[in-house]
Amino acid sequence: MAFFRSVSALSRLRSRVGQQSNLANSVRWLQTPSSSNTDLYSELKELVPEYQERVKKLKKDHGSVELGKITVDMVLGGMRGMTALVWLGSAVDPDEGIRFRGMSIPECQKKLPGAFTGGEPLPEAVLWLLLTGKIPSKAQVDSLSKELRSRATIPDYAYKAIDALPVSAHPMTQFTTGVMALQVQSEFQKAYEGGIAKARYWEPTYEDTMNLIARLPAIAAYIYRRKYKDGKIIPLDDSLDYGANYAHMLGFDDPEMLEFMRLYISIHSDHEGGNVSSHTAHLVASPLSDPYLAFAAALNGLAGPLHGLANQEVLRWIRSIVAEFGTPNISTEQLADYINKTLSRGQVVPGYGHGVLRQTDPRYTCQREFALKHLPNDPYFQLVSKIKEVVPPILTKLGKVKNPWPNVDAHSGVLLNYYGLTEENYYTVLFGVSRSFGVGPQLIWDRALGMPLERPKSVTLEKLEQLVAKSS
């Protein structure tokens with residue numbers, strides 16, 4: 001798709017701000033089906049003026065409204081709980097979990113088009129929803145799949161940049177390198193240097209985001225084949241959707257694996273704006289760094305063991321249990337003893353707890369449902385089920401854990417392992433490909449809404465102590 005498009009007549013501004021008395025009304029509007037446009041860009045171009053008008057009205061009429069208090073705990077605790085940025089795609093409720101544009105994961109599974117009737121949501125459908133706030137039709141999703149395939153060509157120098165690294169380099173290091181190599185073709189950088197008007201910043205950002213999302217599976221698959229297999233590239237299959245193609249290029253063609261990849265990408269796509277990878281992308285893009293630069297930075301945040309790297313840690317821990325007993329078929333008593341020993345050594349139980357959630361992560365639940373349907377007798381899945389039975393009471397008894405329940409990372413590794421993707425060091429790359437579906441749309445909206453350079457105020461420790469002394 002060419003960057004510079006002929007300018008069609010914009011739809012009339014249909015500001016609904018005054019018509020929406022509360023968030024619930026807004027959510028109901030966002031869940032309406034999309035228009036008849038099968039082109040995502042055309043759909044978005046109709047929506048941008050509406051959102052711009054809503055932001056202008058909020059600034060003008062309600063700019064001085066206070067949203068909360070800043071406490072010392074927040075300042076010293078990683079800004080936990082501060083309401084500090086707008087994120088359109090999703091929100092995390094402590095009790096209900098993630099909602100994509102107001103829709104829960106079960107609602108997405110029910111309403112978003114799949115590869116077949118009753119199938120898991122196609123990632124392309126999630127992308128359409130996150131970007132527009134509307135439920136796409138199957139025709140719109142098929143059109144988007146075709147467009148992404150048309151954008152998926154990888155320049156040779158991107159492969160060469162990865163090849164310059166030793167094969168022993170962590171897959172995330174190779175992945176970030178590949179994304180940075182793709183930045184050479186940034187449409188935003190070209191447009192900015194050419195003097196594009198600020199009001200049109202979102203257009204080349206859209207082009208970069210769509211190109212980036214389209215090319216990530218091929219880059220990610222190349223890294224997997226290079227590091228763990230024979231190094232031969234498996235070409236994209238023009239008959240497959242995004243998730244299925246990613247699995248295919250990795251070397252997996254089991255229909256169940258293709259379906260799980262669709263589910264995996266969909267549920268890992270977004271998790272509001274405060275997590276490290278999402279916030280990093282927003283922050284780095286705020287000085288008008290292009291989507292490639294912003295997403296590469298997000299990947300570096302995702303690579304931390306307290307964020308995306310956690311999913312590989314979970315499978316390693318599960319394997320350590322199996323190694324300890326020589327089998328995954330252990331009793332709950334044996335498992336409880338092992339977990340207590342883990343905690344007594346000052347270690348954590350990976351895959352349990354969450355910074356926001358106070359219930360079992362719905363992303364865990366939908367993966368469990370997938371496993372119950374497709375691999376109920378797998379010994380590792382049965383072990384994961386026992387862990388969920390044993391761990392929460394133990395953590396609750398400690399009295400220090402706000403959320404003793406499993407999160408998304410507690411389950412994905414066992415499913416991937418079952419279908420043959422056993423190299424846990426690679427799992428965070430899968431997470432990275434998925435997260436582009438959440439941060440990419442937000443970068444487009446950041447530019448469309450004219451979001452400014454992010455520059456929070458910091459204080460010295462001495463100043464913080466002085467402020468506390470004055471308030472006491």
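Hydrogens, waters and symmetry mates play no part in the numbers below; they use all other heavy atoms, side chains included.
- When only modelled atom types and interatomic distance are considered, Q442 and H282 share no side-chain donor-acceptor pair under 3.5 Å.
- Listed for the N37 side chain is no donor-acceptor partner under 3.5 Å among the backbone atoms of D39.
- The backbone N or O of I330 sits less than 3.5 Å from a side-chain atom of K386, completing a donor-acceptor pair.
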From CA spacing to verdict: ring pair (Phe, Tyr, Trp, His ring centres under 6.0 Å), F431, F175: CA-CA 11 Å; F431 200 159; F175 194 30; over 10 Å; no
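- No side-chain heavy atom of D208 sits under 4.5 Å from any side-chain heavy atom of Q183.
- Between the D290 side chain and the S186 main chain, no donor and acceptor come within less than 3.5 Å of each other.
- The main-chain N or O of P121 is found under 3.5 Å from a side-chain atom of S266 such that the two form a donor-acceptor pair.
- Taking the charged nitrogens against the carboxylate oxygens, K160 and D156 have no contact shorter than 4.0 Å, which rules out a salt bridge.
- Put simply, the side chain of S331 gets close to the backbone of Q334: a donor and an acceptor are under 3.5 Å apart.
- No donor-acceptor pair under 3.5 Å is formed between the side chain of Y228 and the backbone N or O of T422.
- Comment: R319 engages E424 in a salt bridge, judged by a side-chain N to carboxylate O separation of less than 4.0 angstrom.
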List the steps, then state whether side-chain contact (heavy atoms from CB on, under 4.5 Å) holds for Y364 with W405. CA-CA 10 Å; Y364 173 97; W405 307 106; over 6 Å; no
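- Classification of R435 and D270 as a salt-bridged pair fails, no side-chain N sitting under 4.0 Å from a carboxylate O.
- Taking the side chain as every heavy atom from C-beta outward, S434 and Y264 approach each other to under 4.5 Å.
- Two residues are said to be in side-chain contact when any heavy atoms from C-beta on lie closer than 4.5 Å; R101 and K134 fail this criterion.
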